[in-house]
Amino acid sequence: MSLSSPLPTYSFLAAAGTTPSGGSTPLTQGDLHLRFDTGHTLWQDRPVPLTGTEMKMLRLMAQKPGTPVTYRELYDLVHGPGFMAGKGSAGYRANVRAFIKRIRKKFRDIDKSFDAIGNDPGTGYVWRTEGV
């Protein structure tokens, strides 16, 4: 694969026959299409170059549209349940915010009006079902 390939970073796992936990069943929510068997993330039929961790976070939110996913649930996808990082007992929230910021930017590079990932103040993030 060339460096200019539009395939997401995550595709090397699919090529090796490995998919994230939860199997390889595709997930579609509006304009979003997640293909774990090939490692592709599509928005409005255009590839979004997500990393494996970003794809897992997106999947968790998109599986529960309209339902908030907590900072802790999202962070557990990165380092496993109970891992602590940052300052204080909620220091991991800054890490999750950074992940979400990068995910949103990758979608906005494709669609300037992307607004499907909402914030649920004090709780986490939500995949929006309206206006998407």
Side-chain angles (χ1 to χ4, degrees):
M1 175 167 72
S2 73
L3 293 177
S4 62
S5 171
L7 294 176
T9 307
Y10 197 69
S11 62
F12 75 93
L13 289 174
T18 305
T19 57
S21 61
S24 61
T25 304
L27 174 65
T28 299
Q29 285 291 348
D31 288 333
L32 175 69
H33 301 283
L34 296 174
R35 291 283 315 266
F36 288 96
D37 57 339
T38 61
H40 287 86
T41 299
L42 300 174
W43 178 254
Q44 298 175 343
D45 296 321
R46 293 181 293 197
V48 182
L50 298 180
T51 66
T53 300
E54 292 167 345
M55 194 173 186
K56 286 180 189 179
M57 289 179 154
L58 186 61
R59 179 182 192 183
L60 184 60
M61 290 183 287
Q63 283 178 319
K64 305 191 262 186
T67 303
V69 177
T70 67
Y71 287 101
R72 186 74 239 185
E73 287 177 284
L74 291 165
Y75 193 71
D76 286 350
L77 293 173
V78 180
H79 290 292
F83 185 86
M84 297 303 283
K87 291 188 174 193
S89 63
Y92 57 87
R93 288 181 180 204
N95 296 81
V96 172
R97 283 191 293 271
F99 270 103
I100 297 299
K101 182 178 179 179
R102 284 191 300 272
I103 293 169
R104 284 175 170 157
K105 181 188 180 323
K106 289 177 181 184
F107 277 90
R108 287 183 181 139
D109 285 347
I110 294 166
D111 175 7
K112 300 290 183 217
S113 66
F114 176 81
D115 194 24
I117 299 173
N119 182 260
D120 189 38
T123 303
Y125 295 91
V126 62
W127 183 259
R128 293 183 175 142
T129 56
E130 308 129 18
V132 178

**Q** Is there side-chain contact between Leu77 and Phe99, with at least one heavy-atom pair below 4.5 Å?
**A**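 Sidechains of Phe99 and Leu77: no contact.
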**Q** Side-chain contact test, heavy atoms from C-beta onward, threshold under 4.5 Å: evaluate it for Ile117 versus Trp127 and give yes or no.
**A**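 Side-chain contact under 4.5 Å: yes.
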**Q** Check each of Leu74, Thr53, Leu32, Ile100 against Leu58 using the side-chain contact (heavy atoms from CB on, under 4.5 Å) test, and report the only one that passes.
**A**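 Only match with Leu58 under side-chain contact (heavy atoms from CB on, under 4.5 Å): Leu32.
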**Q** Atom OH of Tyr71 and atom CG of Asp120: how far apart are they, to the nearest 0.5 Å?
**A**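 The CG atom of Asp120 is 8.5 Å from OH of Tyr71, to the nearest 0.5 Å.
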**Q** Might you point out which heavy atoms bring Trp43 and Ala116 nearest each other, and give the distance in Å?
**A**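 Minimum heavy-atom contact is CH2-CB, 4.3 Å.
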**Q** What's the spacing between Tyr75 OH and Arg93 CZ if we round to 0.5 Å?
**A**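 Separation between the atoms: 13.5 Å.
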**Q** Here's one to test your reading of the geometry: is the NZ or CZ of Arg104 within 45 degrees of the ring axis of Phe114 and under 6.0 Å from its centre?
**A**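 No, Arg104 and Phe114 do not form such a contact.
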**Q** Would you call Lys56 and Val78 a side-chain contact if the rule is heavy atoms closer than 4.5 Å?
**A**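 No, their side chains stay 4.5 Å or more apart.
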**Q** Same cluster or not: Val126 versus Met55, using hydrophobic residues (I, L, V, M, F, W, Y) connected whenever any side-chain heavy atoms lie under 4.5 Å apart?
**A**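 They do not share one cluster, since no chain of ILVMFWY contacts under 4.5 Å joins Val126 to Met55.
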**Q** Output a table of donor-acceptor pairs, distance under 3.5 Å, between side-chain atoms of residues 61-69 and any protein atom two or more places apart or on a different chain; print 'none' if there are none.
**A**
from, atom 1, to, atom 2, distance (Å)
Lys64, NZ, Glu73, OE2, 3.1

**Q** Would you mind reporting whether Leu42 and Asp31 have side-chain heavy atoms less than 4.5 Å apart?
**A**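 Contact flag for Asp31/Leu42 side chains = no.
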**Q** When you measure from the side chain of Arg46 to the backbone N and O of Ile110, does any donor-acceptor pair fall under 3.5 Å?
**A**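 Yes: the side chain of Arg46 pairs with the backbone of Ile110.
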**Q** When rounded to the nearest 0.5 angstrom, what distance separates CG in Leu27 from CZ in Arg35?
**A**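 Leu27 atom CG to Arg35 atom CZ measures 12.0 Å (nearest 0.5 Å).
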**Q** To the nearest 0.5 Å, what is the distance between CD on Gln44 and CG on Asp111?
**A**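 The CD atom of Gln44 sits 4.0 Å away from the CG atom of Asp111.
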**Q** Do Phe36 and Arg59 touch side chain to side chain, with heavy atoms closer than 4.5 Å?
**A**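 With C-beta onward as the side chain, the pair touches.
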**Q** Would you compute the distance between atom NE2 of His33 and atom CG of Asp45 and round it to the nearest 0.5 angstrom?
**A**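 Rounded to the nearest 0.5 Å, the NE2-CG separation comes to 5.5 Å.
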**Q** Nearest 0.5 Å please: distance from the OG1 atom of Thr123 over to the CZ atom of Arg72.
**A**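 One gets 15.0 Å once the value is rounded to the nearest 0.5 Å.
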